[in-house]
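In what follows, chains carry the letters A, B, and so on, assigned in the order in which the sequence lines appear, proteins first and then strands, with residues in each chain numbered from 1. Values below: every heavy atom of this structure, side chains too, minus hydrogens, waters and symmetry copies. Not measured: the values here are computed from a predicted model.
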Number of protein chains: 2
Amino acid sequence: MIVEGIRQMLRPETDLHIVAQAHDGPQALAVLASQPSVRVALLDLNMPGMSGVELTRAIRADWPDVRVLVLSMFHDHATVAEVLEAGGAGYVLKTASRAELSTAIRQVAGGNTYFSAEVADTLLQNLQILAASPQPDQRPALTRREQEILQFIAREYSNLQIAEELFISERTVETHRRNLLAKTESKSVVGLIQYAIRHKLIS
Amino acid sequence: MIVEGIRQMLRPETDLHIVAQAHDGPQALAVLASQPSVRVALLDLNMPGMSGVELTRAIRADWPDVRVLVLSMFHDHATVAEVLEAGGAGYVLKTASRAELSTAIRQVAGGNTYFSAEVADTLLQNLQILAASPQPDQRPALTRREQEILQFIAREYSNLQIAEELFISERTVETHRRNLLAKTESKSVVGLIQYAIRHKLIS
DNA sequence: GGCAGCCTCCGTACCAGTACGTATTTTTTA
DNA sequence: TAAAAAATACGTACTGGTACGGAGGCTGCC
């Protein structure tokens, strides 16, 4: 029903060719297998059986050149993020007009991404969490020197190598290393690296 | 000059109070030190001396409650990403209208983020790279057992502990560990953990 | 049946990191 | 300027990972 609706909706757009359609996940995968010309897969996130996210992931895994455009009623952050993580290239709300939908398809086909305005808002709102949020980080901060040492550790330098690099004694490096382990409450370099990554001190 | 222009521009917005102004980075930091009531710092990315990104970082480090709104002529991805990474909460182009600028200030003051439309586009375009890009990951896959071992290593288990946990010999764990190091091309457990995190095998 | 890949196990040797204690100099902060 | 924090440095001892080489059993596939 919905599939047919979209088909009718896009009929006037003469540059868009609907080459196939399917009613659930497995069917979609089967269709893709026999239709090498598909460039964009437009799919309803809320489908029977296999979830839209799973299907997205499956498509991306088997046909990396097929761009996935997701159609959904909701735009909460968790869902949108999941779709992106699964490899979705666009996310359009079901309230979108024909004009918006066709624009989205063209954008996605062209290698770009497309997000409905509300979806984009959601994403940007959450960039805050990813990159710009005030982090109430109330643990003992690492000193400048310690952070520096940590950089080298993360690059798999040995204590001796670090010492030579910084023109200090190996013993000093050992001490810094000990303090790092204590401050990050890790038993070994393993926890240290995880701490560093979590706190975006490296990579 | 620019500072004065913005001041005049925002004068009609009666709910916004300009409590201080500065002409370069160090001056801004000094002003902040003496003005505890500042909630939003509006700064030109292209300033003399200290770069806007540096100033952003400095502000976030010393006054985590001050929200930084950046004003810039450009919106290339590298620059925007840098600002975000430094802790900026918003990014407005200099072509913005008074209405947009005041909206941005209010959004940022309210704990949200704000990005001019073009900037938002740039960001969304690059989400593709962050989250939806096809990753040609053509390295030897880890076996089930190896992944299992890796989980324990990430949790800071020693070889002996892993052995006991899995009812196998410590030697076997050592061998798996060696194979893991080889497959991930890392010199030590340091690289191993980074590999695991990058490939979402842990945490 | 044979081959490949995985999981299992052993020994020897070495080195790097870790634990713990102590102490001086330099820099920052109160 | 005194106190606190950071950076510097040393010694001893021990543990745990790493390098290297070898080997047998099991499963699944051609």
Side-chain angles (χ1 to χ4, degrees), chain A residues 137-197 199 201-202, chain B residues 26 29-30 32-34 36 57-58 61-64 138-197 199 201-202:
Chain A
D137 205 339
Q138 226 47 40
R139 86 195 59 216
L142 301 187
T143 67
R144 200 167 311 155
R145 199 53 154 177
E146 284 165 352
Q147 294 193 34
E148 205 174 346
I149 304 278
L150 183 48
Q151 299 294 329
F152 284 108
I153 294 177
R155 286 185 218 139
E156 308 201 36
Y157 279 56
S158 72
N159 283 346
L160 179 59
Q161 287 175 314
I162 300 174
E164 283 169 352
E165 202 70 31
L166 298 177
F167 304 107
I168 57 179
S169 154
E170 194 179 348
R171 302 318 177 92
T172 306
V173 179
E174 282 172 17
T175 303
H176 283 309
R177 200 174 187 126
R178 251 192 299 163
N179 293 337
L180 279 167
L181 288 179
K183 282 189 180 175
T184 60
E185 288 172 9
S186 29
K187 286 207 279 285
S188 68
V189 77
V190 172
L192 200 52
I193 297 301
Q194 297 185 18
Y195 174 96
I197 289 179
H199 294 262
L201 298 177
I202 59 174
Chain B
L29 291 173
L32 274 173
S34 64
R57 212 182 302 274
D62 291 347
W63 297 276
Q138 226 47 43
R139 88 192 59 212
L142 303 186
T143 67
R144 200 167 313 154
R145 200 53 156 176
E146 284 164 353
Q147 293 193 33
E148 206 174 345
I149 303 278
L150 184 48
Q151 299 294 330
F152 284 108
I153 294 176
R155 287 185 217 139
E156 309 201 35
Y157 279 56
S158 73
N159 283 348
L160 180 58
Q161 287 175 313
I162 299 174
E164 283 168 352
E165 202 69 30
L166 297 178
F167 305 106
I168 57 178
S169 153
E170 193 179 349
R171 301 319 177 92
T172 307
V173 180
E174 282 172 18
T175 304
H176 284 307
R177 199 173 188 126
R178 249 190 301 162
N179 293 338
L180 279 167
L181 288 178
K183 281 189 182 175
T184 61
E185 287 173 8
S186 30
K187 284 206 281 285
S188 68
V189 76
V190 172
L192 200 51
I193 297 300
Q194 297 186 25
Y195 174 96
I197 290 180
H199 290 74
L201 298 177
I202 60 173

Working for side-chain contact (heavy atoms from CB on, under 4.5 Å), residues B/Leu180 and B/Ile153: CA-CA 11 Å; B/Leu180 279 167; B/Ile153 294 176; 4.1 Å; yes

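- For the atom pair CG (A/Leu192) and NZ (A/Lys183), the distance works out to 12.0 Å, reported to the nearest 0.5 Å.
- Straight-line distance from the NE2 atom of B/His176 to the P atom of C/dC6: 11 Å, rounded to whole Å.
- What separates CD of A/Glu146 from C1' of D/dT8 is a distance of 13 Å, to the nearest Å.
- Within the model, atoms OG1 of B/Thr175 and CD1 of B/Ile168 stand 9.0 Å from one another, a figure rounded to the nearest 0.5 Å.
- Smallest separation of non-hydrogen atoms from B/Asn179 and B/Glu146: CB-OE2, 3.6 Å.
- Residue-to-nucleotide proximity on DNA chain C shows that, of A/Arg177 and B/Thr143, the 5′-proximal contact is made by B/Thr143.
- Residue B/Ser188 has no polar side-chain atom (N or O) positioned under 4.0 Å from OP1 or OP2 of D/dG17.
- Annotation: ring pair (Phe, Tyr, Trp, His ring centres under 6.0 Å) contacts involving residues 159-190 of chain A, sequence neighbours excluded, are absent.
- Separating the CD atom in B/Glu148 from the CD atom in B/Gln151 is a distance of 8.5 Å, to the nearest 0.5 Å.
- Atom CZ of A/Arg155 is separated from atom CG of A/Leu150 by 10.0 Å, given to the nearest 0.5 angstrom.
- Between the P atom of C/dT8 and the CZ atom of B/Arg144 lies a distance of 12 Å, rounded to the nearest Å.
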Candidate pair B/Tyr157 and B/Val173, rule side-chain contact (heavy atoms from CB on, under 4.5 Å), full reasoning: CA-CA 11 Å; B/Tyr157 279 56; B/Val173 180; over 6 Å; no

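- If you check every strand for non-hydrogen atoms under 4.0 Å, B/Thr172 touches a base.
- For the atom pair CG of B/Leu29 and CH2 of B/Trp63, the computed distance is 5.0 Å after rounding to the nearest 0.5 Å.
- Straight-line distance from the CD1 atom of A/Ile153 to the P atom of C/dG17: 8 Å, rounded to whole Å.
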Could you list all N or O pairs between the protein and nucleotides 21-26 of chain C that sit under 3.5 Å apart?
{"from": "C/dG21", "atom 1": "O6", "to": "A/Arg178", "atom 2": "NH2", "distance (Å)": "3.0"}

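- The stretch residues 156-165 of chain B has no heavy atom under 4.0 angstrom from DNA chain C at all.
- In the displayed structure, A/Glu185 atom CD is contacted under 6.0 Å by at most 12 heavy atoms of other residues, nucleotides or ligands.
- Looking at heavy atoms from C-beta onward, A/Thr172 lies out of side-chain contact with A/Leu166 at the 4.5 angstrom threshold.
- The terminal axes of the helix from C/dG1-D/dC30 to C/dA30-D/dT1, fitted over 5 pairs per end, subtend an angle of 60° to the nearest 10°.
- Here the P atom of nucleotide D/dA7 and the CD atom of A/Glu170 are 19 Å apart, to the nearest Å.
- A/Leu181 has its CG atom 11 Å from the C1' atom of C/dA19, to the nearest Å.
- Judged by distance alone, with hydrogens and angles left aside, the side-chain atoms of A/Gln194 form a donor-acceptor pair with the main-chain N or O of B/Ala154 at under 3.5 Å.
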Short N/O separations, protein against nucleotides 12-14 of chain C, under 3.5 angstrom:
none

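- Between the CG atom of A/Leu142 and the P atom of D/dA7 there is a distance of 10 Å, given to the nearest Å.
- Residue pairs meeting the salt bridge (charged side-chain N to carboxylate O under 4.0 Å, His left out) criterion with at least one partner in residues 165-180 of chain B, sequence neighbours excluded, do not occur; the list is empty.
- Each of C/dC6, C/dT8, D/dT8 was ranked by its minimum atom distance to the side chain of A/Arg145; first place goes to D/dT8.
- Comparing atom distances between the A/Ser169 side chain and each of D/dA7, D/dA9, C/dT8 picks out D/dA9 as nearest.
- For the pair B/Phe167 CZ and C/dC9 C1', the interatomic distance rounds to 18 Å; values are reported in whole Å.
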